[in-house]
2 protein chains.
Amino acid sequence: MNIGEAANLSGVSAKMIRYYEEVALIRPPARNQNGYRSYAESNIHELKFIRRARDLGFTVEQISGLMHLWRDRSRASADVKRLALEHVAALEAKQREIQEMANALKHLVANCHGDGRPDCPIIENLADGGNHASPTHLGKGFEKLR
Amino acid sequence: MNIGEAANLSGVSAKMIRYYEEVALIRPPARNQNGYRSYAESNIHELKFIRRARDLGFTVEQISGLMHLWRDRSRASADVKRLALEHVAALEAKQREIQEMANALKHLVANCHGDGRPDCPIIENLADGGNHASPTHLGKGFEKLR
DNA sequence: GCTTGACCTTCCCATCATGGGAAGGTCCAT
DNA sequence: ATGGACCTTCCCATGATGGGAAGGTCAAGC
């Protein structure tokens, strides 16, 4: 089957299939006499594997490792688990990072009147880093937000 | 002051200062006779603003908007708040996305023995999308994890 | 005065996964 | 044979960041 059908069946775009071939995540498929790439069922299976791994946020390099383990019938599940746990840790680190941004911003938002006047703790915090020379109408309690 | 000192004082690397100038986030500074960029205190203030906004995950484009509002003494705090709330929503969306990946992977990890044997629900899920032809030692309860 | 090292300048390249699009070839149905 | 839907390769762009080369400048110490 041609690359378009492979893309449809696997959920991986034709562009990305060519890219994965280029970075050696998959082997170059056979070519028809017209030069078109020709995919078999097993290739679709492989592409679906890649798709699911991408959906879990694995990088191409990690997927390469996972595919080697997949093909290695003498693999130790401990190796797969280690890869997965490393990725879980990375995901959770990223999540915490974003969470901290969101929390900080939500504190500022909560103290912003959001009306027609210019006074705005969000802008003031960005400008002063929270060290306001002149306290605002927010009162003494504002200090605790830092 | 030269770009190096500006970088040290603001916490923005010299590379990034030049980049922000290139993408018109900041105005090109005055130049000394030797061609060196020359920064004033006000520029440092601006760079610190940018730095804090970046730390909150705002994109350069959003920061551009924030800086216009910062300079606009007739701004409405509602406009700032709207920008901030949009960003909070984007951050939370990203966070959920990552959370879902982490949760899915953690379910799989929890069911992987992680020993020397090849049997591994992580690999199997990637390969089959959870539709295992032959149930594993994990038992009937495994289905609930999907 | 000359050397040395720490600056500064511009320019190009790389990242990572993804897509857009051009220019040109192929295949099939009408 | 014509047109449209494919396919091919190649180049470019994204966003924020850094690396590094080639070359100019400055200040301190000899």
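Order of the sequence lines fixes the chain letters, A, B, ..., with proteins taken first and strands second; residue numbering starts at 1 for each chain. From a predicted model like this one, the values you see are computed outputs, not experimental measurements.
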Of the listed dT9(C), dT8(D), dC8(C), the closest approach to the Asn2(B) side chain comes from dC8(C)
Of dT10(C), dC7(C), dC7(D), the nucleotide closest to the side chain of Arg18(B) is dT10(C)
Of dC8(C), dC7(D), dA17(C), the nucleotide closest to the side chain of Met16(A) is dA17(C)
Which of residues 53-62 of chain A have a heavy atom under 4.0 Å from DNA chain C? Arg54(A), Thr59(A), Val60(A)
Salt-bridge criterion met for Glu97(A) and Lys94(B) (N-O under 4.0 Å): no
Considering just the side-chain nitrogens and oxygens of Ser13(B), establish if one lies under 4.0 Å of OP1 or OP2 belonging to dG18(D). yes
Taking only the side-chain nitrogens and oxygens of Arg37(B), find out if one of them lies under 4.0 Å from OP1 or OP2 of dT10(C). yes
How close or far is atom C1' of dG19(C) from atom CD1 of Ile17(A), stated in whole angstroms? 14 Å
Quick one: do Arg117(A) and Asp115(A) make a salt bridge, cutoff under 4.0 Å? yes
What integer distance in Å separates Ile50(A):CD1 from dT18(C):C1'? 15 Å
When you compare the side chain of Pro29(A) with that of Ser38(A), does any pair of heavy atoms fall below 4.5 Å? no
It should be established whether Arg31(B) places a side-chain nitrogen or oxygen under 4.0 Å from OP1 or OP2 of nucleotide dT25(D). no
Between dT8(D), dT17(D), dC12(C), spot the one nearest the side chain of Lys15(B), thanks. dC12(C)
Output yes when at least one side-chain N/O atom of Asn34(A) is less than 4.0 Å from OP1 or OP2 of dG25(C), else no. no
Measure from CD on Gln33(B) to C1' on dG24(D) and round the result to the nearest Å. 15 Å
Whole angstrom is fine here: how far is it from CD1 in Ile3(A) over to C1' in dG19(C)? 14 Å
When the distance from CD of Glu22(B) to P of dA13(D) is rounded to whole Å, what number comes out? 13 Å
Looking at Tyr19(B), does any N or O in its side chain come under 4.0 Å of the phosphate oxygens OP1/OP2 on dG15(D)? no
Can you tell me the distance, in whole Å, between the CD atom of Glu21(A) and the P atom of dT9(D)? 7 Å
His45(B) atom NE2: more than 12 heavy-atom contacts under 6.0 Å: yes
I need the CD1-C1' distance between Ile63(B) and dT17(D), as an integer number of Å. 14 Å
Same apolar cluster (I L V M F W Y, side chains within < 4.5 Å links), Val88(A)/Leu69(A): yes
d(CG, Leu47(B); P, dA16(D)) in whole Å: 16 Å
Any salt bridge between Arg82(B) and Glu86(B), counting N to O under 4.0 Å? yes
Taking 4.0 angstrom as the limit, do Arg27(A) and Glu46(A) come out as a salt bridge? no
